[in-house]
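Since the structure comes first, as structure tokens, the remarks are kept for the end.
Reckoned from all heavy atoms, side chains included, excluding hydrogens, waters and symmetry mates. The shown structure was predicted, so the numbers you read here are calculated from the model rather than taken from an experiment.
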Amino acid sequence: MAVVKSNINDTVRVGRKVNVGEFTGFARYVGPIPGTEDIWVGVEWDDPNRGKHDGIHNGVRYFKTIHPNGASFVRLEKVIPNNISFITAFQSKYGQDFDNNVHQEIIALMKQSKMSSFELVGMQKIQKKQACFNKLTDVSLSHHGITDAGEPEEIQNCCPNINNLELCDNCFTDWETVSEITRQLKHLITLDLSFNTIDLPQELTPQFKECFKCLKKIILGKLNYSWHEIMSLCEAFPVLEVLEVPDNNIDRLEKPSVVIENLLYLNLENNNLSWNEINKLRFLPKLECLNVNRNGIKDIQIVPSSFPSLKFLMISDNNLLHFESLCELNKLPTLCSLRIQNNPLLKGMSVSNYTLQIIARIANLTMLNGTMITLKERQNNERDFLKDLDMIWHRQLKSAEERAEFLTKHPRYMELIAKYGSDYSEDLNTSNKIRTIKIRIVNFCKESSTEKDVIIKTLPITMTLNRLKDLGKRLFGLGNKQLEFSYLTKEKPDIEYTMDNLNQTLDYYSVEDGNTVLIKW
């Protein structure tokens with residue numbers, strides 16, 4: 001963020017309220033403009049009719065305003081920074097002090113709506129005077145250019161019962177200002193300070209810590225703090241349960257200290273962390289929810305006794321490449337909900353197929369990408385997964401080494417055998433083995449003449465169309481739709497062969513390896 005000295009020995013910075021003569025606005029750019037020797041301030045005026053452009057000069061965009069002609073460039077020496085206290089920003093958004101008529105009007109509204117705490121916005125009769133500030137519990141003063149806490153005790157006297165406070169993208173620069181605000185808010189539980197530039201405190205004094213003694217949730221997005229700095233700061237938050245530190249370019253973690261042992265939720269989204277670094281947090285005893293979306297994670301290796309209380313894991317938009325990482329997640333004893341969209345290992349797979357692959361690998365999962373997993377769905381997916389593994393185990397693996405490697409890659413195989421038993425059957429005479437074929441099964445919509453989904457399956461040649469119908473409904477979620485069956489061969493892909501007797505087998509209709517079976521609805 002650009003910060004330069006003005007002509008009154010104060011700072012003009014992007015986002016700060018400024019005066020230029022009798023006119024006011026916000027500084028949106030501070031810096032040079034090619035072809036000139038001066039430092040310029042791009043001002044977005046409070047009066048949008050005063051400006052000349054929306055942040056573009058000579059074809060170069062320096063910033064963007066809401067109004068197409070709401071901005072001007074002004075030489076730095078003409079710009080005077082305007083200090084904005086918390087209460088000044090609060091009153092500019094929520095209204096001025098109230099008179100008795102307004103007060104009675106609000107009391108009547110509260111009784112009518114049975115609201116115990118509220119924030120009134122846009123009411124014509126009281127839009128300039130939102131009274132009863134001491135009833136407000138949720139307050140957002142983001143993007144208001146706040147520079148200081150104001151006069152002693154004025155926050156406490158005006159709005160003492162704030163529980164949840166947003167102060168994103170303002171202009172205070174130190175934690176002393178933050179602590180002076182929070183000192184007056186005895187009931188503050190949640191604080192969002194994202195998108196600020198705040199110097200870390202020199203010392204965490206007892207008086208400083210007292211200002212955050214009730215704080216349970218803090219959001220520190222894009223403050224460019226390291227994990228070590230965040231941990232040092234957390235010593236001031238003795239009852240912290242929720243810590244969100246997205247967009248901080250964190251690439252290293254360290255074993256957590258006692259200061260965050262009560263943490264329930266940790267958001268590390270959009271940093272640069274590998275799973276090796278995330279493993280350093282595995283000793284957090286109460287952590288239930290972990291968000292590591294958008295970190296570039298390529299693989300997962302779970303250390304034994306990791307994350308003993310973790311129930312919810314968000315790991316979307318990473319670079320996971322192999323299903324072995326999902327098998328690793330099965331080692332988390334309490335994991336029941338997973339979000340894993342947009343990873344390379346799922347690319348090109350249908351939703352039903354990757355759902356099968358994930359559910360069958362993670363035993364305790366009850367929620368996947370926000371969708372509940374029913375007991376029947378789990379059983380069906382595990383049985384289908386087991387059939388595929390059974391074929392590989394009995395037909396492809398010849399040595400003890402191959403089988404040991406297979407069990408390492410598919411650690412739930414023996415567990416699923418114990419749970420469901422094996423459907424694989426073969427006589428001692430290998431010539432009497434039940435023959436299987438690998439076919440393409442296509443979910444085909446007749447109305448639009450389109451293939452909705454395709455799955456490759458290895459099936460016994462003796463499977464009836466009735467069993468194939470049940471399988472297709474499970475794989476494609478076709479419910480009670482009326483289904484028709486046909487197939488195409490590799491040799492004559494333009495000829496469609498109808499299969500209309502559901503009691504007959506694939507072998508009866510001469511379906512062969514490599515054929516395509518159409519399930520039409």
To check you understand the geometry: which heavy-atom pair defines the closest contact between [X] and [Y], and what is its length?
| X | Y | value |
| --- | --- | --- |
| Asn271 | Asn295 | C-OD1, 3.0 Å |
| Asn248 | Tyr225 | OD1-N, 3.1 Å |
| Ile441 | Leu471 | CD1-CD2, 4.4 Å |
| Ser194 | Ile219 | OG-CG2, 3.3 Å |
| Ser325 | Ile300 | OG-N, 3.1 Å |
| Lys490 | Asn515 | N-ND2, 3.9 Å |

Quick check on [X]: does its [atom1] atom have over 12 non-hydrogen neighbours (other residues, nucleotides or ligands) under 6.0 Å away?
| X | atom1 | value |
| --- | --- | --- |
| Gln482 | CD | no |
| Lys311 | NZ | no |
| His322 | NE2 | no |
| Ile66 | CD1 | no |
| Glu405 | CD | no |

query = Quick one: ring-ring contact (aromatic ring centres under 6.0 Å, His included) pairs with a partner in residues 233-282, sequence neighbours left out?
reply =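 Counting only pairs at least two positions apart or across chains, the ring-ring contact (aromatic ring centres under 6.0 Å, His included) contacts touching residues 233-282 are Phe212-Phe237.
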query = Could you give all pairs that pass the ring-ring contact (aromatic ring centres under 6.0 Å, His included) test and reach residues 470-504, with sequence neighbours left out?
reply =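 Non-adjacent pairs meeting ring-ring contact (aromatic ring centres under 6.0 Å, His included): Tyr487-Tyr497.
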Looking at residues at least two apart in the chain, or sitting in another chain, which of them share a side-chain hydrogen bond (donor to acceptor under 3.5 Å, both in side chains) with [X]?
| X | answer |
| --- | --- |
| Trp521 | Asn443 |
| Lys419 | Glu382 |
| Thr371 | none |
| Glu496 | Ser486, Lys520 |

message = Is the terminal nitrogen or CZ of Arg252 (NZ for Lys, CZ for Arg) located under 6.0 angstrom from the six-membered ring centre of Trp227 and within 45° of that ring's axis?
response =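 Not satisfied by the 6.0 Å and 45° rule.
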Main-chain N/O of [Y] paired to [X] side chain as donor or acceptor, under 3.5 Å:
| X | Y | value |
| --- | --- | --- |
| Asn343 | Leu320 | yes |
| Asn170 | Leu193 | no |
| Asn381 | Ile359 | no |
| Asn276 | Ser274 | no |
| Thr182 | Val178 | yes |

query = Can you list the steps and then say if Lys280 with Ile278 is a side chain to side chain contact (heavy atoms under 4.5 Å, CB included)?
reply = CA-CA 5 Å; Lys280 296 176 182 178; Ile278 294 166; over 6 Å; no
If you look only at distance, which donor and acceptor atoms sit under 3.5 Å apart when one is on a side chain in residues 348-356 and the other is two or more places apart or in another chain?
unit_1 : atom_1 : unit_2 : atom_2 : d
Ser350 : OG     : Ser352 : OG     : 3.2
Ser350 : OG     : Asn353 : N      : 3.1
Ser350 : OG     : Asp453 : OD1    : 3.4
Ser352 : OG     : Leu475 : O      : 2.8
Thr355 : OG1    : Val351 : O      : 2.6

key: Residue list, side chain to side chain contact (heavy atoms under 4.5 Å, CB included) with Phe90, at least two apart or on another chain   =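 Per chain and number, Phe90 pairs via side chain to side chain contact (heavy atoms under 4.5 Å, CB included) with Phe86, Tyr94, Phe133, Leu136, Val139, Leu141, Cys158, Cys159.
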ask   = In chain order, what residues pass the side chain to side chain contact (heavy atoms under 4.5 Å, CB included) check against Glu241, with sequence neighbours excluded?
value =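 Applying side chain to side chain contact (heavy atoms under 4.5 Å, CB included) to Glu241 gives Lys216, Leu264.
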query = Are side-chain N/O atoms of Asp169 and His143 paired as donor and acceptor at under 3.5 Å?
reply =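 Side chains of Asp169 and His143: pair found under 3.5 Å.
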query = If we ignore angles and hydrogens, is there a donor and acceptor under 3.5 Å between the side chains of Asn164 and Thr190?
reply =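 Short answer, yes.
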Test salt bridge (Lys or Arg N to Asp or Glu O under 4.0 Å) applied to Glu328 - qualifying residues, sequence neighbours left out =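 For Glu328, the residues satisfying salt bridge (Lys or Arg N to Asp or Glu O under 4.0 Å) (neighbours in sequence not counted) are Lys331.
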query = Of all residues at least two apart in sequence or in a different chain, which pass the salt bridge (Lys or Arg N to Asp or Glu O under 4.0 Å) check with Arg383?
reply =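 Checked Arg383 against salt bridge (Lys or Arg N to Asp or Glu O under 4.0 Å); zero matches.
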task = Let me see the working for Lys217 and Asp192 under salt bridge (Lys or Arg N to Asp or Glu O under 4.0 Å), right down to the final yes or no.
result = CA-CA 8 Å; Lys217 175 180 178 178; Asp192 189 349; over 6 Å; no
ask   = Which is it for Asp390 and Arg395 under the salt bridge (Lys or Arg N to Asp or Glu O under 4.0 Å) test, yes or no, and what are the steps along the way?
value = CA-CA 8 Å; Asp390 248 352; Arg395 294 191 177 267; over 6 Å; no
query = Looking at Asn270, Asp317, Asn318, which one forms a side-chain hydrogen bond (donor to acceptor under 3.5 Å, both in side chains) with Arg294?
reply =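 The passing option is Asp317.
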key: Intermediate values then yes/no, side chain to side chain contact (heavy atoms under 4.5 Å, CB included), Thr464 and Leu502   = CA-CA 7 Å; Thr464 65; Leu502 298 185; over 6 Å; no
Acceptor/donor pairs from residues 283-292 side chains to any protein atom, 3.5 angstrom cut, sequence neighbours excluded:
unit_1 : atom_1 : unit_2 : atom_2 : d
Lys286 : NZ     : Asn262 : OD1    : 2.9
Asn291 : OD1    : Asn293 : N      : 3.0
Asn291 : OD1    : Asn293 : ND2    : 3.3
Asn291 : ND2    : Glu269 : OE1    : 3.1

Audit row: Glu484, Lys446, salt bridge (Lys or Arg N to Asp or Glu O under 4.0 Å) steps and yes/no = CA-CA 10 Å; Glu484 298 175 5; Lys446 292 192 295 182; 3.0 Å; yes
